[in-house]
Every structure is written in C-alpha cells, then in structure tokens.
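Remarks on the structure that follows.
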Amino acid sequence: RGQGASAGKLERGSRDCGVAGYAALRMDALLFECPRLAVRELGAADVPRVQALFDANPDYFVAVNGRTPAPDEAQTEFDERPPPHIGFSRRWFCGAFDRAGVLQGVVIVLSDLSAPRVWHVALFLLAGALHGSGAARGLYEAMEHWIARGGARWIRLGVVAGNRRAEAFWGRCGFDEVRVREGVDT
C-alpha cells in the first residue's frame with residue numbers, strides 16, 4: 001500500500017476553550033484542549049488504557065493494517081521512534097480525555113522531524129463513537145494552535161492510500177498530498 005504524505009500551512013492564533021469540568025485530569029499536565037477533549041502527555045503506566053482504546057476501536061487498524069490491533073499495539077506505538085538517520089527534537093505520546101476523564105483518543109506528534117520547524121503528526125486516533133461529531137476537527141484545530149505556539153512552520157503527516165475517511169478529513173483540515181511512498185510498512 002502507498003502512503004501519501006501531506007503538508008499543511010499553519011495559521012497562527014489561539015482559542016480559549018476553558019478547562020473546567022475535566023475529571024481526573026492533571027491540569028498542570030495539560031498540553032492543549034478543545035470543547036470536548038483535553039490532551040495530556042501519556043507515560044508507560046497509561047499503555048494498558050491505550051491498548052483498551054485500540055481494542056475497542058479496531059476500525060483504524062483494519063483500514064490501515066488490514067487487521068485488528070495486535071495485543072501489544074499500544075506498547076509498540078509507545079516505544080516506536082523514527083529510524084536513527086531521521087532526526088527530531090521531541091516526541092509527544094498524548095491522550096485525549098473527555099470531561100469524565102475517559103481516554104477517547106491518542107495523538108503522537110514529533111517536532112523538527114527531518115528539518116527545523118517541521119512537525120509531524122504520527123498518529124491521530126479518536127474513538128469511533130466520536131466520528132462525525134466534530135470532535136476530531138476541534139481536536140485538530142487545538143493541536144494545530146499548540147504546534148504553532150511550539151514554533152512550527154509546517155505540519156506533515158501520512159495517510160494510507162485508500163483510507164477514504166482519513167483522506168477526506170485531512171483534506172478538510174487544509175492538507176494537500178505532496179507525494180506518495182510505495183511499499184511503506186504501516
């Protein structure tokens with residue numbers, strides 16, 4: 001399967017979404033938030049919760065990998081880094097939590113991937129129950145503002161060719177296909 005790389009230009013700005021009402025979420029660890037979700041960095045102790053989210057929402061893995069999530073999928077995502085020859089400054093493995101404190105999504109972002117001020121969204125996954133609700137768009141917009149505040153000039157990501165839902169979503173967010181890579185192991 002081919003994987004299309006997309007890039008989008010950043011628009012600077014900020015958005016006050018308010019943080020009141022998020023249960024069991026350490027607000028000092030908050031990275032960014034939107035009306036329905038608050039995002040904080042996750043640690044090794046959170047991997048079982050991420051695996052439960054992956055297991056409960058297999059559609060992404062079926063679309064991208066042609067199979068349901070492996071039993072160690074969350075640990076693999078937590079541990080995975082770019083190859084040594086591809087430089088980056090920092091990697092965030094993040095959870096998106098609803099107001100009840102339930103993990104509803106996972107976002108992985110790398111700064112300065114291969115070039116200064118180019119940030120990469122390595123994973124953007126939301127629970128299927130939120131699909132079509134506008135939560136993904138709100139989460140992306142909040143993440144984009146956070147990335148811009150971090151100094152990025154460009155955001156890049158990969159979309160597996162044929163993942164129509166993802167292709168449409170990222171297109172609506174302003175991303176354009178810039179190249180197709182064949183034979184990429186997803």
Side-chain angles (χ1 to χ4, degrees), residues 6-64 68-69 73-74 77-78 90-111 119-152 155-160 163-175:
S6 298
K9 215 171 195 179
L10 291 178
E11 294 179 17
R12 298 206 179 256
S14 64
R15 189 158 125 170
D16 180 16
C17 298
V19 294
Y22 287 102
L25 182 63
R26 288 185 26 233
M27 298 320 290
D28 62 328
L30 184 72
L31 295 174
F32 56 92
E33 41 93 26
C34 64
R36 296 182 68 175
L37 300 165
V39 177
R40 71 164 172 86
E41 197 161 10
L42 300 176
D46 296 303
V47 168
R49 279 207 283 190
V50 173
Q51 186 66 45
L53 176 71
F54 288 177
D55 290 342
N57 297 277
D59 291 350
Y60 168 82
F61 300 95
V62 171
V64 170
T68 59
E73 197 82 45
E77 291 289 348
F78 182 78
R90 187 157 181 331
R91 179 181 181 270
W92 290 267
F93 185 85
C94 305
F97 294 85
D98 65 16
R99 292 190 181 278
V102 176
L103 181 65
Q104 296 290 341
V106 175
V107 176
I108 302 173
V109 177
L110 294 100
S111 62
W119 287 36
H120 177 74
V121 179
L123 180 65
F124 188 91
L125 180 144
L126 280 184
L130 295 177
H131 292 186
S133 70
R137 182 63 181 253
L139 181 62
Y140 170 72
E141 289 173 355
M143 180 179 71
E144 182 181 274
H145 293 304
W146 171 71
I147 288 172
R149 286 190 308 274
I155 299 173
R156 64 179 305 269
L157 54 91
V159 177
V160 172
N163 185 348
R164 302 286 181 234
R165 181 178 210 113
E167 290 171 345
F169 173 74
W170 292 113
R172 287 190 305 272
C173 290
F175 285 81

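- In this structure, SG in Cys173 is found 8.0 Å from CD in Glu144, a value given to the nearest 0.5 Å.
- Partners of Glu77 by salt bridge (charged side-chain N to carboxylate O under 4.0 Å, His left out), not counting sequence neighbours: none found.
- The side-chain heavy atoms of Val159 and Phe169, taken from C-beta on, include no pair separated by under 4.5 Å.
- With sequence neighbours excluded, no residue satisfies salt bridge (charged side-chain N to carboxylate O under 4.0 Å, His left out) with Arg172.
- Val47 and Ala74 get closest at one heavy-atom pair: O-CB, 3.6 Å.
- Across all non-hydrogen atoms, the minimal contact from Ala38 to Leu30 is CB-CD1, 3.6 Å.
- Here Gln104 contributes atom CD and Arg36 contributes atom CZ; the two are 8.5 Å apart, rounded to the nearest 0.5 Å.
- Of all heavy-atom pairs spanning Ala45 and Pro48, the tightest one is O-CD, 3.5 Å.
- Scanning both residues, Trp146 and Leu31, for their nearest heavy atoms gives CD1-O, 3.3 Å.
- Side-chain contact check for Gln51 and Asp55: at least one donor-acceptor pair (N or O, by modelled atom type) lies under 3.5 Å.
- Put simply, CG on Leu53 and CG on Asp46 are 12.0 Å apart, with the number rounded to the nearest 0.5 Å.
- Annotation: salt bridge (charged side-chain N to carboxylate O under 4.0 Å, His left out) contacts of Arg90 (sequence neighbours excluded): Glu41.
- Between Ser111 and Trp119, the shortest heavy-atom distance links the atoms CB-CE2, 3.3 Å.
- Residues Ala136 and Phe124 come closest through the heavy atom pair O-CZ, 3.5 Å.
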Where do Cys94 and Met143 land on the side chain to side chain contact (heavy atoms under 4.5 Å, CB included) test, with the steps shown first? CA-CA 11 Å; Cys94 305; Met143 180 179 71; over 6 Å; no
